[in-house]
Amino acid sequence: MNTLSKKRWIRLIPIVFITYSLAYLDRANYSFGAAGGLAEDLNITAATSSLLGALFFLGYFFFQIPGAHYAENKSAKKLIFWSLILWGLLATATGLISNVKILFVIRFSLGVVESAVMPAMLVFLSHWFTKAERSRANTFLILGNPATVLWMSIVSGYILESLGWRWMFILEGLPAVIWAFLWWKLVNDHPKDAKWLNKEEKAALNKALLEEQKELKPVKDYKEAFKSKTVILLSLQYALWSIGVYGFVMWLPTIINSAPNASIVTTGWLASIPYLLACILMLTISYFSDKYQNRKLFVYPFLLIGAICFYGSYLIGTSNFWLSFILLSIAGGAMYAPYGPFFAIIPEILPRNVSGGAMALINSMGALGSFAGAYIVGYLNDLTGGFGASYNFMAISLLLSAILTIIATKNEKPMIKNKSKLTHRPLHD
């Protein structure tokens with residue numbers, strides 16, 4: 001299957017990466033727009049800005065499970081095509097508004113439109129990549145998150161300085177609309193429909209994926225799957241994890257911009273550093289997670305590191321900006337590192353008919369955590385006039401997330417070598 005693997009990785013992964021990158025671009029550039037003049041021009045207070053940043057995630061909560069169901073039973077390709085067009089138009093519209101009430105509607109609507117993208121993409125990848133490859137495939141998808149913020153932090157800084165926040169939203173929103181038509185042309189929902197695979201390659205991949213499904217205990221429907229102890233605990237775990245991640249994402253530019261002599265361009269360059277580290281760690285961790293087929297070991301330690309570094313940054317405070325910033329960068333990189341292994345857990349314990357819905361449930365709970373993270377971090381910053389309380393809030397959330405990871409995956413068994421083959425004992429509640 002070497003030829004097959006090479007074709008799949010080269011053909012699909014760049015497309016998946018670019019698609020999710022565009023989704024994340026139009027989600028995360030709000031924090032730069034707010035720091036670069038939007039809040040001032042529209043007379044938005046710090047508390048209102050927090051709510052606007054968080055409102056996206058409230059919209060993001062609603063259509064996760066319906067989106068996953070449609071992707072599994074109908075078409076991930078069609079769902080993502082229309083999502084690309086709609087979120088691109090909404091993001092572009094952000095640069096045209098002059099009324100805060102309309103901005104509230106746009107941010108919420110943007111969340112609704114993008115809510116189906118992540119679960120649909122995870123379903124899509126599960127149709128194309130086997131268990132032994134899934135952590136890496138998921139990582140290349142989610143890598144679109146930090147990689148986008150990495151270059152967006154720099155580019156947005158220059159656009160804001162040269163053209164202002166309105167043009168930043170317009171220039172960064174339109175590419176999603178254009179890409180929608182390339183997505184439609186380049187992908188297929190299932191290997192059987194791909195003209196770039198020959199019959200032998202299609203048969204080999206189909207056989208490998210069917211064999212995986214035979215190893216799993218049948219689950220009748222979503223209701224039964226959602227009662228799983230593992231799914232419930234991972235949903236709570238991901239909500240707490242997301243508090244740390246999105247509190248960090250939404251407020252990092254503002255935190256850096258508070259440094260002495262900081263300009264919006266300097267802020268952009270500094271804000272890119274944690275995401276560069278995140279990209280390196282994500283690729284490394286997913287490789288070893290697939291190699292050893294152990295998910296838990298490559299998730300919870302990095303959440304603990306994130307919690308410790310957040311707390312260390314809090315202890316240092318403003319007495320040493322650079323040391324505090326280094327710890328904050330390590331926290332950011334560590335929080336992103338385990339995404340690939342984490343989203344490989346569910347397809348390995350639940351059959352295809354419900355795994356997409358379970359991942360959507362987990363991701364939707366992450367959206368609520370993201371809402372809480374983005375809003376409460378901003379609220380605490382505004383209430384206390386500093387960042388110490390929000391650092392502690394994010395640190396505690398990550399610590400609890402790490403503990404729940406250990407509990408939820410306590411029965412996970414690594415792949416065991418038997419002669420030249422690897423066998424796997426799937427997770428059970």
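Index from 1, following the sequence. Note that these values count all heavy atoms, side chains included, but never hydrogens, waters or copies made by symmetry. Here the structure is a predicted model, which is why all the values come from computation and not from measurement.
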If I take atom [atom1] from residue [X] and atom [atom2] from residue [Y], how far apart are they, to the nearest 0.5 angstrom?
X      : Y      : atom1 : atom2 : answer
Leu304 : Leu399 : CG    : CG    : 6.5 Å
His127 : Asp189 : NE2   : CG    : 7.5 Å
Gln237 : Thr230 : CD    : OG1   : 12.0 Å

Return the orientation label for the [X] and [Y] ring planes: parallel under 30°, perpendicular over 60°, tilted otherwise.
X      : Y      : value
Phe169 : Tyr30  : tilted
Tyr292 : Phe288 : parallel
Trp9   : Phe129 : tilted

Exercise: do Ser286 and Ser135 side chains pair donor with acceptor under 3.5 Å: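 No, because no side-chain N or O of Ser286 sits under 3.5 Å from a partner of the opposite role on Ser135.
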Ring centers of Phe63, Tyr70 separated by less than 6.0 Å: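 No, the ring of Phe63 stays outside the 6.0 Å limit from the ring of Tyr70, centre to centre.
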Do the side chain of [X] and the main chain of [Y] share a donor and acceptor less than 3.5 angstrom apart?
X      : Y      : result
Lys131 : Glu348 : no
Trp183 : Ile15  : no
Glu133 : Thr130 : yes

4.5 Å side-chain heavy-atom contact, Phe342 and Leu234: yes
